[in-house]
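We count ligands from 1, going down the list as the structure has it; atoms in each ligand are counted the same way.
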Amino acid sequence: MGYLCLLLMYPPSGKETTMSRLKTIVWADDCARIIDQTQLPNELVYIEIETAESMYDAIKTLKVRGAPAIGIAAAFGLYLGVRTCPDTDSTEQFLHNVRVTADYLASSRPTAVNLFWALNRMKMTAESLKHESAGVIKKALLAEAKAILEEDIRMCRKIGEYGYAVLKDYTTILTHCNAGGLATGEYGTALAPIYVGKELGKEFKVFADETRPLLQGARITAFELMAAGVDVTLICDNMAATVMKSGKIDAVIVGADRIASNGDTANKIGTYGLALVAKAHNVPFYVAAPFTTFDLSIATGKEIPIEERDAQEIINGFGKPTAPETVKVFNPAFDVTPHELITGIVTERGVIYPPFGQNIKVILS
Ligand code: MRU
């Protein structure tokens, strides 16, 4: 599969291991190096990805996951897929290979629009150089993938600053899944305000939903918040209503995989239920996402394709029988939160408030 593993034992308690040092994905030694998130929280394993096929597999099996990180990974994957084409190929042949590789990577996961956004941007870069040689286009593709990574880090930092301005008077924040540094180039989206706050001396307390069935909240959010020295309390998903009823939660903030023109937001399964519970308890419910997560080609959340994943994730949770082997299973990986349940959407350009249909257009134009 073209993986090389670098294994580091990693105690997620040391304050010296801040998120600025945990790199979800980097370009090093002529390949993409990613943290294999399926191994967290037990081991911090970096794998080196050298082919488009290994990148496809890493995205599909959630070694790299989280909407912005998937986009970045796919951009590097596209370059990896065409870098072995001979420089002497005709430009037409080379551009054909770019399109085929992009379509292949785009078929890895359907919901996060960042994947398609990044691959389109890479294709446009290649097409804009159609009068150049294959060798020149290749170099431009690698530079573009690196630019996508760097831009994502800058956008997440801005989301952190705007999000901090919104959350700074609160103390206890609840989040779902992982929309932290490990879901992006760095900082994260929903967790970015927590990290910016930490830098400024604000000590938020975070409640993390464990996030069934693949436990991104327990395995990844708890891990990265502890690594950054943030006070985090883990709860099972079905405890959120009770915790909110007890008055412990000041605000909820989650990430997003795709936001429609009217503000309807797809995110990890369970987010919709959480938004309903927040509404019932008058707890503000924020979404944090960069412009690469907005899909203005669709009017509402009804048009967002929802990934359904393998039944084994529920029947054999982490390799252990957790249900009768032959039981029927429904395993949607995402749900859509209607915009009426969302208080505000924190972006790198500011916070969008209702009416979303109107204000999303203004801020993104
Ligand atoms: O299936 P995953 O782990 O890729 O799902 C991730 C999420 O749902 C995140 O909340 C979302 O991608 C935002 S990441 C900044």
Side-chain angles (χ1 to χ4, degrees), residues 19 24-25 34-38 40 58-74 108-118 149 152-153 155-160 163 174-195 208-225 237 252-259 265-275 285-295 301 304-310 313-314 331-337 342 345-348:
M19 279 315 299
T24 311
I25 180 162
I34 62 165
I35 293 176
D36 178 354
Q37 298 190 33
T38 61
L40 292 174
I59 294 171
K60 182 139 193 106
T61 60
L62 312 195
K63 290 183 175 72
V64 59
R65 32 78 37 215
I70 292 172
I72 299 162
S108 55
R109 293 190 79 187
T111 304
V113 77
N114 310 58
L115 174 71
F116 309 99
W117 172 85
L149 169 60
D152 183 73
I153 295 172
M155 288 190 296
C156 287
R157 175 75 206 183
K158 291 302 282 182
I159 288 173
L174 189 147
T175 192
H176 187 70
C177 193
N178 174 262
L182 288 167
T184 63
E186 204 175 324
Y187 295 111
T189 57
L191 297 191
I194 312 290
Y195 295 130
D209 278 354
E210 71 174 349
T211 316
R212 283 276 293 145
L214 295 180
L215 307 187
Q216 287 91 333
R219 295 186 303 104
I220 304 172
T221 297
F223 171 85
E224 70 161 78
L225 287 175
D237 300 345
V252 177
I253 188 164
V254 297
D257 285 83
R258 194 184 293 226
I259 302 176
T265 295
N267 190 49
K268 179 53 58 193
I269 190 77
T271 304
Y272 173 36
L274 198 61
F285 184 92
Y286 289 95
V287 170
F291 83 94
T292 50
T293 304
F294 286 79
D295 183 354
I304 300 177
I306 299 294
E307 176 181 12
E308 280 186 41
R309 293 187 61 88
D310 200 302
E313 290 178 352
I314 293 178
N331 186 15
F334 301 95
D335 58 26
V336 175
T337 299
I342 298 170
I345 305 176
V346 184
T347 75
E348 75 281 14

* State, without any angle test, whether D209 and T211 hold a side-chain donor-acceptor pair at a distance under 3.5 Å. => no
* For atom 1 (O) of ligand 1, state which one of K268, H176, R65 supplies the nearest heavy atom. => K268
* To do: Examine the side chains of E224 and Y195 and answer whether a donor and an acceptor come within less than 3.5 Å of each other.
  => yes
* Structure fact -> Those residues at least two apart in sequence (or on a different chain) that pass side-chain contact (heavy atoms from CB on, under 4.5 Å) with S108 are Y56, I59, L115
* Asked: Would you say N178 contacts ligand 1, with heavy atoms under 4.0 Å as the rule?
  -> yes
* Decide whether the shortest distance between a heavy atom of G188 and an atom of ligand 1 is less than 4.0 Å. => no
Check residues 65-73 and write down every donor-acceptor pair under 3.5 Å in which the side-chain atom is one partner and the other belongs to a residue at least two apart or another chain.
residue	atom	partner	partner atom	Å
R65	NH1	Q37	OE1	3.1
R65	NH1	N178	OD1	3.0
R65	NH2	N178	O	2.7

* **P68 touching ligand 1 at heavy-atom level, < 4.0 angstrom** => yes
* For the pair R258 and D295, find out whether any cationic side-chain nitrogen is under 4.0 Å from an anionic carboxylate oxygen. => yes
* **Taking atom 7 (C) of ligand 1 as the reference point, the nearest protein heavy atom with its distance** => D257 OD1, 3.3 Å
* Asked: For atom 13 (C) of ligand 1, which candidate among A256, G66, A69 provides the closest heavy atom?
  -> A256
* To do: Would you tell me which option among R109, R258, Q37 has the nearest heavy-atom contact to atom 4 (O) of ligand 1?
  => R109
